[in-house]
Protein chains: 2
Amino acid sequence: MAQRSTYRHGDLHRALVAAGTELAREGGPSAVVLREVTRRTGVTPNAAYRHFADKRALLHAVSMAAQAELARSIEDEQSTINQNDDDGVVAKARLRAVGAGYLRFAQTQPGLFRTAFAEHADLRDAAVSDSAGESGLTPFQLLSAALDGLVEAGVLSAERRLGAEFLAWSSVHGLAMLVIDGPLRGLDVEQRTFAARRLLEMVEKGL
Amino acid sequence: MAQRSTYRHGDLHRALVAAGTELAREGGPSAVVLREVTRRTGVTPNAAYRHFADKRALLHAVSMAAQAELARSIEDEQSTINQNDDDGVVAKARLRAVGAGYLRFAQTQPGLFRTAFAEHADLRDAAVSDSAGESGLTPFQLLSAALDGLVEAGVLSAERRLGAEFLAWSSVHGLAMLVIDGPLRGLDVEQRTFAARRLLEMVEKGL
DNA sequence: GACAAATGTGAACACTGTCAACAAATTGTG
DNA sequence: CACAATTTGTTGACAGTGTTCACATTTGTC
């Protein structure tokens, strides 16, 4: 790593999270080891303790960053939607895009995906901006917004809206986990896309 | 730990897995540390290497044991079904019991549940008897059998049967993960049972 | 310019997984 | 039965980890 001239680093907090994120990207949560993070940042191990209480706190920050990338993946997927369609069609497409972006991120960045949900995240974390994407919304909020859109478009009844994010999230999250390092790892690309499509259909139909 | 009189232990392999399983029960996969496992078994750390290639192999064995307990939880749930009902009703109940047993185990034994899916399990593992319950079936096989039952009872079409285990498993597994250490951890018991019931309804309806 | 706060360094500790060499018990073979 | 071969457990060591305590350097403030 590049030797720095100044005694102070300048932006160590951010640099540590960035280095940790790269490690997580390559090897998942277990790969983000404190000493290696500081090594890559060109700083002593203990310097990290000026910015994070302990390793868990650092990992938590990395997890937030990973969730933010997940949010951006969902936003990318949503940006391809043709807005000129019928309201109901657009609303449904927005929900499907949440699931598709989620699944794509899990398979494209499995290390980051596992890190995003490795350290016990809380629902309160879903509201903090560290885990938000370009739109300022976290993955959970993007899902909620999509479901609200279904209600507004008259596709989903208010009654069925209640707790719907749990159902949708569970299904997609479960498939993602099973595909990237669960018992469904052996599936080839074709089987995966098939499973993903059928799953999103099931959610839309069974909600 | 109890000092042993003989130089040989007698059944060290099994004892190590048992000790590891207890650690996993208490603290999840990260709690099963090789040295502590051997300590509890009253044996030197290196003795473990006569029975397992490395720590990962030990953890894998513990994971299999955890899956076997999961299978038993499902079997317990299925044993409460009233067999005198209509074939279709019984078949549906058997599928619901798979989900209910799965979710109950996840909440009753979160440490073991996380361990069961921590080390990259493979579909081949789902067929090995180490991870089977009393019936000799693994969790995956119990699910498959329940879905087959739906087809036999004429409740599910052969076409929709294709890949159905992925959908059902994903949904239930996802909810379990999100509830025990995901963003849905904050939910109280009432909310959980509500979410579980709605989820199982969704699967049954959307399959 | 003195002094306090913030930020990075150095040396050390307990703990982990793992290896190589050795020792004791068991098993198999003449 | 003897005794070599194999299996199973032990001892001692090493590198790597998270973390703590004392110390050094920089920055900001009255």
Side-chain angles (χ1 to χ4, degrees), chain A residues 1-64 111 114-115 118-120, chain B residues 1-64 111 114-115 118-120:
Chain A
M1 285 300 98
Q3 289 273 49
R4 67 182 190 285
S5 53
T6 55
Y7 182 79
R8 297 294 179 84
H9 178 282
D11 198 8
L12 187 52
H13 187 102
R14 205 171 306 269
L16 290 173
V17 175
T21 302
E22 283 321 298
L23 286 171
R25 191 189 309 277
E26 297 162 16
S30 69
V32 34
V33 24
L34 194 145
R35 290 182 104 107
E36 176 63 18
V37 168
T38 58
R39 217 172 283 138
R40 292 199 177 192
T41 318
V43 93
T44 287
N46 291 335
Y49 286 85
R50 300 295 172 194
H51 300 271
F52 299 96
D54 52 11
K55 183 202 166 161
R56 277 193 56 211
L58 170 60
L59 191 58
H60 186 78
V62 173
S63 167
M64 296 283 100
R114 291 213 307 272
T115 308
E119 260 330 281
H120 313 290
Chain B
M1 287 305 99
Q3 287 277 51
R4 68 181 188 287
S5 51
T6 55
Y7 182 81
R8 297 292 180 86
H9 178 283
D11 197 8
L12 187 52
H13 186 103
R14 205 171 306 270
L16 290 173
V17 175
T21 303
E22 284 319 299
L23 287 172
R25 192 190 306 277
E26 297 161 16
S30 69
V32 34
V33 23
L34 193 145
R35 289 183 104 107
E36 176 64 19
V37 168
T38 57
R39 218 172 282 140
R40 292 199 177 192
T41 318
V43 93
T44 287
N46 289 334
Y49 285 86
R50 299 295 173 194
H51 301 270
F52 299 96
D54 52 11
K55 182 202 166 162
R56 277 194 56 212
L58 170 59
L59 191 58
H60 186 79
V62 173
S63 167
M64 296 285 99
R114 292 214 306 274
T115 308
E119 261 329 281
H120 313 287

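Lettering follows sequence order; numbering is per chain, from 1. Scope of the values below: all heavy atoms of this structure, side chains included, with no hydrogens, waters or symmetry mates.
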Tabulate protein N/O versus nucleotide N/O from nucleotides 4-6 of chain C, keeping only pairs under 3.5 Å, one per line.
from: dA6(C); atom 1: N3; to: R8(A); atom 2: NH2; distance (Å): 2.9

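Partners of R35(A) under the salt bridge (Lys or Arg N to Asp or Glu O under 4.0 Å) rule, at least two apart in sequence or in another chain, do not exist in this structure. Residues satisfying the ring pair (Phe, Tyr, Trp, His ring centres under 6.0 Å) criterion with Y49(B), sequence neighbours excluded, are absent altogether. Remark: A31(B) engages no residue in a side chain to side chain contact (heavy atoms under 4.5 Å, CB included) (not counting sequence neighbours). Every residue was checked against the side chain to side chain contact (heavy atoms under 4.5 Å, CB included) condition with R8(A), not counting sequence neighbours, and none meets it. For R50(B), there are no salt bridge (Lys or Arg N to Asp or Glu O under 4.0 Å) partners two or more places apart in sequence or in a different chain. Take R25(A) and apply the salt bridge (Lys or Arg N to Asp or Glu O under 4.0 Å) test, not counting sequence neighbours, and it matches E22(A), E69(A). Legend: residues meeting salt bridge (Lys or Arg N to Asp or Glu O under 4.0 Å) with E26(A), ordered by chain and number and at least two apart, are R40(A).
Within residues 45-54 of chain A, the residues approaching DNA chain C are N46(A), A47(A), R50(A), H51(A), by heavy-atom distance under 4.0 Å. Residues of residues 9-28 of chain B that place a heavy atom closer than 4.0 Å to DNA chain C do not occur.
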Return a table of donor-acceptor pairs under 3.5 angstrom between the side chains of residues 14-21 of chain B and protein atoms on other chains or two or more places apart.
from: R14(B); atom 1: NE; to: D11(B); atom 2: OD2; distance (Å): 3.3
from: T21(B); atom 1: OG1; to: V17(B); atom 2: O; distance (Å): 2.6

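Distance R39(A) CZ to dG10(C) C1': 16 Å, rounded to the nearest Å. Rounded to an integer number of Å, the gap from NZ of K55(B) to C1' of dT16(C) is 8 Å.
Between V33(B) and T6(B), it is V33(B) whose nearest contact on DNA chain C lies nearer the 5' terminus.
Taken to the nearest 0.5 Å, the CG atom of L58(B) stands 12.0 Å off from the CZ atom of R56(B).
You'll find a donor-acceptor pair under 3.5 Å spanning the side chain of R35(B) and the base of dG17(C), going by distance alone.
In this structure, R56(B) does not reach the dT18(C) phosphate: none of its side-chain N or O atoms is under 4.0 Å from OP1 or OP2.
Between the side chain of T115(B) and the backbone N or O of G111(B) there is at least one donor-acceptor pair closer than 3.5 Å.
Shown here for L23(A) and V37(A), the closest heavy-atom pair between the two residues is CD1-CG2, 3.5 Å.
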